[in-house]
There are 2 protein chains.
Amino acid sequence: MSHSTIQQSSVRNGLLAALPPADWAHLGPHLEAVELPFDQTVHAAGGPVDAVFFIETGMVSILVTLEDGSQVESGIAGPEGLLGLTLVFGDSRSFTDARVQLEGTALRIGAAAFHTAMDRSPALRALLLRYALAFLGQVTQSGACNARHPIENRLARWLLTAHDRAGADEFPMTHEFMAMMLGVNRPGVSIAAGILNRAGLIRYVRGHMTITDRPGLEAATCECYHTVRHEYARLLGPRAAASAASGG
Amino acid sequence: MSHSTIQQSSVRNGLLAALPPADWAHLGPHLEAVELPFDQTVHAAGGPVDAVFFIETGMVSILVTLEDGSQVESGIAGPEGLLGLTLVFGDSRSFTDARVQLEGTALRIGAAAFHTAMDRSPALRALLLRYALAFLGQVTQSGACNARHPIENRLARWLLTAHDRAGADEFPMTHEFMAMMLGVNRPGVSIAAGILNRAGLIRYVRGHMTITDRPGLEAATCECYHTVRHEYARLLGPRAAASAASGG
DNA sequence: AAGTATTTGTTCGATTTCGAACGCACGGAC
DNA sequence: GTCCGTGCGTTCGAAATCGAACAAATACTT
């Protein structure tokens, strides 16, 4: 296993960047740059988790699979976070699927080395527990949002969340995908997207989404977007809330 | 501060009961028995959290408050768990309301003593992190359930969850409350409850709910009840999944 | 014990959302 | 350049859910 050493100053991941330099020594030597190709299932529900992935670029959805085979997004991770949260809790089995929605790269560390680093670095423990709490906040708010808010607002929220992590105004995204993420049917998304489109907030053509009026989208979203972003900022700092995408 | 010393053998809380006796010394002397009166807000969203409450009896809902003032349940805690989870993560502010739905009692420990105990007892840390992960699983599954499952199934699920923690087949509960918990309107619950009632699974009269056919309810629930219960059992053992209520 | 205020459970029309079928646009093959 | 396969976005009737008004039962007051 001979991969080149990674410098902390060059990482784009918000958690790694926030780590005190003295604590970097516990992680850095064990990190390996890996690709996150589109649609890859990084972790599968019920399956083992043998590594943590600190996301450098791209976006990964955390998905619940229901009995009927449908999947619903419970959370999103991007350059502000990581995959393999169960290892932070001392467990090694995933409750959810983690699937790449926007391709990117990550820094991978095996479970054994990760646990050693966690044991030796109180700063790392504290940081990752704060991230876990922020993620819990996201999942919590999303659950209420699913129960109460109409599709149009939820779609605007989801687009903003994706925009934060995409690192560009334009990214590949289909109606069918967004419908699955939101747990609604495709036509529902088409109608909602049509409204946002006619309002000039977005443009989309055949699997190609463009954010054209971000302030407008922020006015169209339910409060859940801001609530979650505020919680991320509180626990991880403003840069994390911006997901290192535009803020990086 | 002169409260009588509590013996580990006498606690009904699943987490405290599962703690290795040697580690009890870090917590026991600081625990104080407190009441959980009906409708009390133990922690308020955005407010400080200055203590952890290990629930002995009763049931407490974890609630998200939305912009329109409505509240939606994101999770439930009973004798299998605790309140003040944010302290386990090293934070001291609550993202949600914690409100008592079925009165009971708890063992309270202040934040400072709790942190000291967490620092000194790896077993306590590991145990409470596993609980935090189980709770995250509950919130995650509930979010997907909110998005996809019809009211009747979700009501059956909620009643089973409450039954686990109520310690009795009969407990006070109104349609209005259940509607708020599920994030649906009152009539929706009335119709669903009427179906369960006519099927002989439950009886209810003016704020008084009786579970009359638990196996029938388990057949009427969506898979989410079993999924969450299974995750609790995996992480905390079968007794915790049964919530110490019937399994006590 | 009767009247009254309060809270609960039910019914109704309007809206949202669902699930299936339809027609269209791109990309590769020849 | 044209054909054809694949996948996308849109339209429709049906069902579930919503929000407001109604009716019934309890608890409090005198």
Side-chain angles (χ1 to χ4, degrees), chain A residues 38-39 66-73 101 143-159 170-199 201-210 220 222, chain B residues 38-39 66-73 101 143-159 170-199 201-210 220 222:
Chain A
F38 173 70
D39 208 34
L66 298 177
E67 215 168 37
D68 65 0
S70 67
Q71 296 192 303
V72 182
E73 186 178 80
Q101 303 294 17
C145 190
N146 288 348
R148 300 275 309 161
H149 290 150
I151 294 178
E152 188 187 333
N153 300 132
R154 287 166 59 197
L155 177 61
R157 180 190 165 208
W158 193 88
L159 288 169
E170 203 171 347
F171 47 88
M173 189 55 55
T174 67
H175 286 195
E176 184 170 17
F177 252 54
M178 294 186 284
M180 184 195 291
M181 297 301 102
L182 299 177
V184 302
N185 63 358
R186 234 184 314 169
V189 168
S190 291
I191 293 173
I195 294 172
L196 298 180
N197 189 18
R198 280 187 290 280
L201 309 183
I202 61 174
R203 296 286 143 183
Y204 60 88
V205 287
R206 248 194 118 64
H208 219 65
M209 175 65 64
T210 308
C222 51
Chain B
F38 173 70
D39 209 34
L66 298 176
E67 215 168 36
D68 65 1
S70 67
Q71 296 191 304
V72 182
E73 185 178 81
Q101 303 294 17
C145 190
N146 288 348
R148 301 274 310 161
H149 290 150
I151 294 179
E152 187 187 333
N153 300 134
R154 287 166 61 198
L155 177 62
R157 179 190 166 208
W158 193 88
L159 287 169
E170 204 170 347
F171 48 88
M173 189 56 54
T174 67
H175 286 194
E176 184 171 18
F177 252 55
M178 294 186 284
M180 183 196 291
M181 297 302 102
L182 299 177
V184 302
N185 64 358
R186 235 184 311 167
V189 168
S190 291
I191 293 173
I195 294 173
L196 298 180
N197 190 17
R198 280 189 289 281
L201 309 183
I202 61 174
R203 296 285 143 183
Y204 60 88
V205 286
R206 244 194 123 62
H208 218 65
M209 176 65 65
T210 307
C222 51

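Note that the structure is predicted; figures quoted are calculated from it, not measured. Within every chain, numbering begins at 1; the chains are lettered A, B, ... in the order of the sequence lines, protein sequences first and strands thereafter.
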Which atom pairs, one a donor and one an acceptor, fall under 3.5 Å between side chains of residues 148-155 of chain B and the rest of the protein, sequence neighbours left out?
residue, atom, partner, partner atom, Å
B:R148, NE, A:S70, OG, 3.4
B:R148, NH2, A:D68, OD2, 3.3
B:N153, ND2, B:A220, O, 2.8
B:R154, NH2, B:N146, OD1, 3.2
B:R154, NH2, B:L182, O, 2.3

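Within a heavy-atom distance below 4.0 Å of DNA chain C, the residues of residues 185-199 of chain B found are B:R186, B:P187, B:S190. Using a 4.0 Å cut-off on heavy atoms, the residues of residues 144-153 of chain A that approach DNA chain C are A:P150, A:I151, listed by number.
Qualifying side-chain hydrogen bond (donor to acceptor under 3.5 Å, both in side chains) partners for A:E67, counting only residues two or more places apart in sequence or in other chains: none. For B:Q101, the side-chain hydrogen bond (donor to acceptor under 3.5 Å, both in side chains) partners at least two apart in sequence or on another chain are B:S61.
Using a 4.0 Å heavy-atom criterion, one finds that A:V205 contacts no nucleic acid atom at all.
Atom CG of A:N197 sits about 5.0 Å away from atom CZ of A:R203, to the nearest 0.5 Å. Atoms CE and CH2, from B:M173 and B:W158 in turn, are 3.5 Å apart once rounded to the nearest 0.5 Å. With rounding to the nearest 0.5 Å, the separation of CE in B:M181 from CD in B:Q71 is 7.0 Å. Here the CG atom belonging to B:L159 is positioned 9.5 Å from the CG atom belonging to B:L201, to the nearest 0.5 angstrom.
Within the structure, every pair that satisfies the side chain to side chain donor-acceptor pair (under 3.5 Å) test and touches residues 175-193 of chain A, not counting sequence neighbours, is listed here: A:H175-A:S190.
Reading DNA chain D from its 5' end, the first and the last nucleotide to sit under 4.0 Å from a heavy atom of chain B are D:dT17 to D:dT26. Bracketed by its first and final contacts, the part of DNA chain C lying under 4.0 Å from non-hydrogen atoms of chain B reaches from C:dT7 to C:dT11 in 5' to 3' order.
Taking the screw axis at each terminus of the helix from C:dA1-D:dT30 to C:dC30-D:dG1 from five consecutive base pairs, the angle between the two is 20° to within rounding of 10 degrees.
Across all their heavy atoms, B:V72 and B:G183 have their closest contact at CG2-CA, 4.3 Å.
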